[in-house]
2 protein chains.
Amino acid sequence: MESVSPASADPGTVRPGGRTARVRAAVLRVAGDILAEQGFAHLDLADVARRAEVGRTTVYRRWGTVTGLVADLLLDMAEQSLPRTETGSLLGDLKANARLVQSTLADPRQGPLFKAVIAAATCEAKTAEALHHFYDTRVQEWAPCVQQAVDRGELPVGTDAQEVVRAVSAPLYYRLLTTGDPLDVAAADQAAEAAAAAARAGAYVRTAQPE
Amino acid sequence: MESVSPASADPGTVRPGGRTARVRAAVLRVAGDILAEQGFAHLDLADVARRAEVGRTTVYRRWGTVTGLVADLLLDMAEQSLPRTETGSLLGDLKANARLVQSTLADPRQGPLFKAVIAAATCEAKTAEALHHFYDTRVQEWAPCVQQAVDRGELPVGTDAQEVVRAVSAPLYYRLLTTGDPLDVAAADQAAEAAAAAARAGAYVRTAQPE
DNA sequence: TCCATAAAGGGACTCCAGTTTCATTAAGGG
DNA sequence: CCCTTAATGAAACTGGAGTCCCTTTATGGA
């Protein structure tokens, strides 16, 4: 029996202040830099430790694997989610959302970073869970816009608000990942208009579930 | 001066028959297996060579890097693209397309494989180009369905046929990558209906370009 | 059928990511 | 302010990915 403490939790959780927090911040910043500059395939923990000026041992102990590090980075990103804006109309709100997504994905640092975290999430369940949480947060932030449109009578009763919000982002991410075309404001507006039109036509009305 | 031959092309191009073809087939099959089973992060050339029962040297010489191997795999996948079906109506055609995409992405082997090649494409320009070519091929195969709908008067003149086809796939890929939700037939039908509704509303009419 | 050589393959070598062990530092409760 | 110990960090070690050099195989034209 080595200790009385009951299977002490992950390192960094008992004394999270001071140095521990500084190490985490430095490591996550460097990890984001490497992902944005060189992509997921070029991220390795030894390199992160070097560039962050932190002990290799620390990085391996606290994050263990590349995908584990990205999962923690995603938790950090989810905490910095911006509040939505409101314009008073469905199309205005959806366009505001679309332009926010578009400007993020078109940004020289953020765009490659998002590509990289999506790539990492395809490689491990825990990282995928962190990515899902990140997008759940974003979708739930914007869903009330759509619900308000339903309440105003702009959209059919029973419209799935979250699905409409996802419908705005989907074509922008699809373009980011599968084509080389630039993501411009026109693409954002088109995505918002298409989602609004489809929602008005009732395409996102929840289908009745058998109990 | 070592040889008269002018900077002989990539290995495998002068004698592509027989053994060379068998090696390529074995390597690509194993690469697909590993990507589907373990994801992009676990693909390494030495392991591929072992499982394909092929010399390590050969794999490194012909493909060089993991992303290079995936790029070749994508070329191979693009050659096996299926012809579209035609049902006579826009919604029928789009649903047929959506269900084909959905069943592919929901397949226990194909789904993870597509995730993995998308991940690989985020890591290198050449691989990204191969992925873009793959999706260009698919989109061009299905675009005529939409053009026929324009010709029949179902959709506004000037509708961007390729953009409509992409609008069908986009929500399915977005769900595959950013949520844990299952990709069922209902999701496919919803994607097709939403794209059709948005197209009817004129959301995909090409905007006039200043000359 | 035979031959020139394109392409595959075997084996030794290097280098570095990832692990382990133990010493050092500083967080945070008293 | 001090002391316990959580957490970091330095150094030695290991295994295997990736490279190099040279031999063997078999393609495809003559």
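Chain naming here is simple, since letters A, B, ... match the order of the sequence lines and numbering starts at 1 in each.
- Neither OP1 nor OP2 of D:dT8 sits under 4.0 Å from any side-chain N or O of A:Thr57.
- Distances were taken from every side-chain heavy atom of A:Thr20 (C-beta onward) to each of D:dA7, C:dA8, C:dT19; the shortest belongs to D:dA7.
- Distance from the side chain of A:Thr58 is smallest for D:dT8 among the nucleotides D:dT19, D:dT8, D:dA17.
- For A:Arg51 and C:dA17, the CZ to P distance is 13 Å, given to the nearest whole Å.
- As judged by a 4.0 angstrom heavy-atom cut-off over every strand, A:Arg24 is placed among residues making no nucleic acid contact.
- Checked against C:dG18, D:dG18, C:dA8, the side chain of B:Tyr60 finds its nearest nucleotide in D:dG18.
- Between B:Asp44 and A:Gly55, the residue anchored closer to the 5' end of DNA chain D is A:Gly55, taking for each the nucleotide with the nearest heavy atom.
- One interatomic measurement links the two molecules: CZ of A:Arg62 to P of D:dG9, which rounds to 10 Å at whole-angstrom precision.
- Taking the charged nitrogens against the carboxylate oxygens, B:Lys126 and B:Glu129 have no contact shorter than 4.0 Å, which rules out a salt bridge.
- Ion pairing between B:Asp72 and B:Arg24 holds under the 4.0 Å rule for side-chain N and carboxylate O.
- Closest contact between the side chain of B:Arg19 and the listed nucleotides D:dT25, C:dG18, D:dA17 involves D:dT25.
- One can place CG of A:Leu43 at 12 Å from P of C:dA17, the figure rounded to the nearest angstrom.
- Atom-to-atom, CG of B:Asp47 to P of D:dG18 comes out at 10 Å; the value is rounded to the nearest Å.
- Following rounding to the nearest Å, A:Arg50 (CZ) and D:dG9 (P) show an atom-to-atom distance of 15 Å.
- Rounded to a whole Å, the CG atom of B:Leu45 is 13 Å from the C1' atom of D:dG16.
- Between A:Arg138 and A:Glu141, none of the side-chain N atoms (NZ, or NE/NH1/NH2) sits under 4.0 Å from a carboxylate O, so this pair counts as no salt bridge.
- Here the straight-line distance linking atom CD of B:Gln190 with atom CD of B:Gln102 works out to 12.5 Å at 0.5 Å rounding.
- Atom CZ of residue A:Phe40 and atom OG1 of residue A:Thr127 lie 7.5 Å apart, to the nearest 0.5 angstrom.
- Rounded to whole Å, the distance from CZ on A:Arg61 to C1' on C:dG18 is 14 Å.
- At the heavy-atom level, B:Arg56 lies under 4.0 Å from base atoms of the strands shown.
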